[in-house]
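Notes follow once the structure below has been shown.
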Amino acid sequence: QVQLVQSGGGLVQAGGSLRLSCAASGRTFSRYFMGWFRQAPEKEREFVAGISWNGISTYGADSVKGRFAISRDNARNTVYLQMNSLKPEDTAVYYCASRNRPSSGQAPADYDYWGQGTQVTVSS
């Protein structure tokens with residue numbers, strides 16, 4: 001059974017940084033495209049960043065480009081989201097997700113497995 005277990009997150013002041021981690025188990029992690037999403041209250045879940053199976057290609061939403069960076073360590077079965085220059089509008093529950101294929105995807109429906117979610121709150 002595939003499991004994605006998230007860690008990190010919390011409360012930070014505007015301009016600060018946080019790093020989220022997502023540890024995968026239950027299958028060969030390195031074969032699949034991974035992504036991060038977020039969902040703010042009363043808003044739809046939105047794509048934040050994605051990374052190819054080998055880490056060579058990364059994708060990011062326009063709202064986070066230049067501030068957030070996604071990376072992965074296949075030896076540790078872990079994907080990371082480094083978030084810098086955080087803004088109050090980044091406040092949301094963040095989810096990591098895994099596709100069942102190596103190709104990219106930016107819609108929630110493209111993903112098959114999800115982490116438990118972690119709260120990120122940015123104060124002004």
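The residues of the chain are indexed from 1 along the displayed sequence.
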> If you draw the axis of the six-membered ring of Y95, does the NZ or CZ of R45 fall within 45° of it and under 6.0 Å from the ring centre?
Replying inline: yes
If we ignore hydrogens and angles and just use 3.5 Å, is the side chain of [X] paired with the main-chain N or O of [Y] as donor and acceptor?
X	Y	value
R19	Q82	no
Q6	Y94	yes
N77	G26	no
R101	Y32	no

**OP:** Report the C-alpha distance between R31 and W53 in whole Å, list the side-chain angles of each, state the deciding distance to 0.1 Å, and finish with yes or no for side chain to side chain contact (heavy atoms under 4.5 Å, CB included).
**Re:** CA-CA 5 Å; R31 294 180 182 174; W53 65 273; 5.6 Å; no
| field | Ring-ring centroid check F47 W36, cutoff 6.0 Å | value |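 Between W36 and F47, which both carry aromatic rings, the centre distance is not below 6.0 Å.
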Would you say the ring centers of F33 and Y59 fall short of 6.0 Å from each other?
yes
Which heavy-atom pair separates [X] from [Y] by the least distance, and what is that distance?
X	Y	result
T78	R76	OG1-O, 2.8 Å
Q116	L4	OE1-O, 3.6 Å
Y111	G35	CE2-N, 3.7 Å
P108	W114	O-CZ2, 3.5 Å

Verify side chain to side chain contact (heavy atoms under 4.5 Å, CB included) between R38 and L81, making sure each step is shown before the conclusion. CA-CA 12 Å; R38 66 186 181 187; L81 184 67; over 6 Å; no
**Message:** For L20 and F68: C-alpha separation, side-chain torsions, deciding distance, then whether side chain to side chain contact (heavy atoms under 4.5 Å, CB included) applies.
**Reply:** CA-CA 11 Å; L20 305 182; F68 291 12; over 6 Å; no
Item to complete: Assess the side chains of S104 and Q106: does a donor N or O sit below 3.5 Å from an acceptor N or O?
Response: no
request  = For the pair K87 and D90, find out whether any cationic side-chain nitrogen is under 4.0 Å from an anionic carboxylate oxygen.
outcome  =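 Salt bridge flag = no for D90 with K87.
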Would you mind writing out the side-chain donor-acceptor pairs for residues 7-17 within the sub-3.5 Å range, not counting sequence neighbours?
unit_1: S17; atom_1: OG; unit_2: N84; atom_2: OD1; d: 2.9

Value rounded to 0.5 Å, distance of CD1 in I70 from OG in S52: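 Here the interatomic distance stands at 9.5 Å.
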